[in-house]
Amino acid sequence: MTETTPGAWWALLPDHARVAADGHVLRDARLLAVRAVWEAGRPLGLGLHEAQLVVHDRYVHHGDRVAYRPDPPLDARTLSELAAGAPGRVAAVAALWDGDTVHDWFVDLVAVTEEPAGERRLTTVYADRARRWLDGEPHAPRHPSAVVAERVGREVAARLAVPFRFASPDGPAY
């Protein structure tokens, strides 16, 4: 069943799995929805990628009824305050690539601390949020998350009078 559409997969799932998945979608718990769909659909030949497509289709189906979680903050003032609350002295602000099967590639902005040495995540810049933040401004060929993380990260670093680091602003280093 490699050619099956998300809607056709949805129709093949047992009722309890559809109810569970829609409940997760409506409260914006994407990973739990994917898990519910994937676990119910695996015996039918549904793969993880197809489960993600089914859940995406359910998000589209429910539209404005989804109670989306608030976006992580992207304003320099809030992020500077979060950094200032880190344990230890903030020595730098850094942008780090990360990724998962739901969001693809994204960038975490972190405060790098000394005494104690560590990192405090300030925010995550997902591609969809970055595109909205850029509001149609061109970013190609760079990833939108990288463009936004670099701009915001530099501003936060300037507010804290520390360096900004982004080892691979042109894309994740595989």
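Using a cutoff of 4.0 Å between basic side-chain nitrogens and carboxylate oxygens, Arg89 and Glu115 are not scored as salt-bridged. Remark: Arg131 does not engage Asp128 in a salt bridge, criterion side-chain N to carboxylate O under 4.0 Å.
With rounding to the nearest 0.5 angstrom, the CG atom of Leu44 is 12.0 Å from the CD atom of Glu50. Summarising the geometry, atom CG belonging to Leu82 is positioned 11.0 Å from atom CG belonging to Leu109; distances are rounded to the nearest 0.5 Å.
His139 NE2: more than 12 foreign heavy atoms inside a 6.0 Å radius. Few gaps surround CZ on Arg159; more than 12 heavy atoms of other groups in view lie less than 6.0 Å from it.
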Checklist entry - Going through the checks in order, is the side chain to side chain contact (heavy atoms under 4.5 Å, CB included) test met by Val152 and Trp133? => result CA-CA 11 Å; Val152 173; Trp133 192 87; 3.8 Å; yes
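With sequence neighbours excluded, the residues forming a side chain to side chain donor-acceptor pair (under 3.5 Å) with Arg151 are Glu137, listed by chain and number.
Between Phe164 and Glu155 the shortest side-chain heavy-atom distance does not fall below 4.5 Å.
Leu122 and Leu160 fall within a single hydrophobic cluster, where Ile, Leu, Val, Met, Phe, Trp and Tyr are joined by side-chain heavy atoms under 4.5 Å apart, directly or via other members. In the hydrophobic clustering of this structure, Val34 groups with Tyr68; members are Ile, Leu, Val, Met, Phe, Trp, Tyr whose side-chain heavy atoms approach within less than 4.5 Å, directly or through other members.
A distance-only check finds a donor-acceptor pair linking the side chain of Arg142 to the backbone of Pro169 [under 3.5 Å]. A donor-acceptor pair is defined here as one N or O able to donate and one able to accept, closer than 3.5 Å; no such pair exists between the side chain of Arg42 and the backbone of Leu48.
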Enumerate, atom names and distances included, each donor-acceptor pair closer than 3.5 Å involving a side-chain atom of residues 22-31, sequence neighbours excluded.
unit_1: Asp22; atom_1: OD1; unit_2: Arg58; atom_2: NE; d: 3.0
unit_1: Asp22; atom_1: OD1; unit_2: Arg58; atom_2: NH2; d: 3.4
unit_1: Asp22; atom_1: OD1; unit_2: His62; atom_2: NE2; d: 3.0
unit_1: Asp22; atom_1: OD2; unit_2: Arg58; atom_2: NH2; d: 2.9
unit_1: Asp22; atom_1: OD2; unit_2: His62; atom_2: NE2; d: 3.4
unit_1: His24; atom_1: ND1; unit_2: Arg27; atom_2: NH2; d: 2.9
unit_1: Asp28; atom_1: OD1; unit_2: Tyr59; atom_2: OH; d: 2.8
unit_1: Asp28; atom_1: OD2; unit_2: Arg69; atom_2: N; d: 3.0

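A ring-centre distance under 6.0 Å is found for Trp97 and His143.
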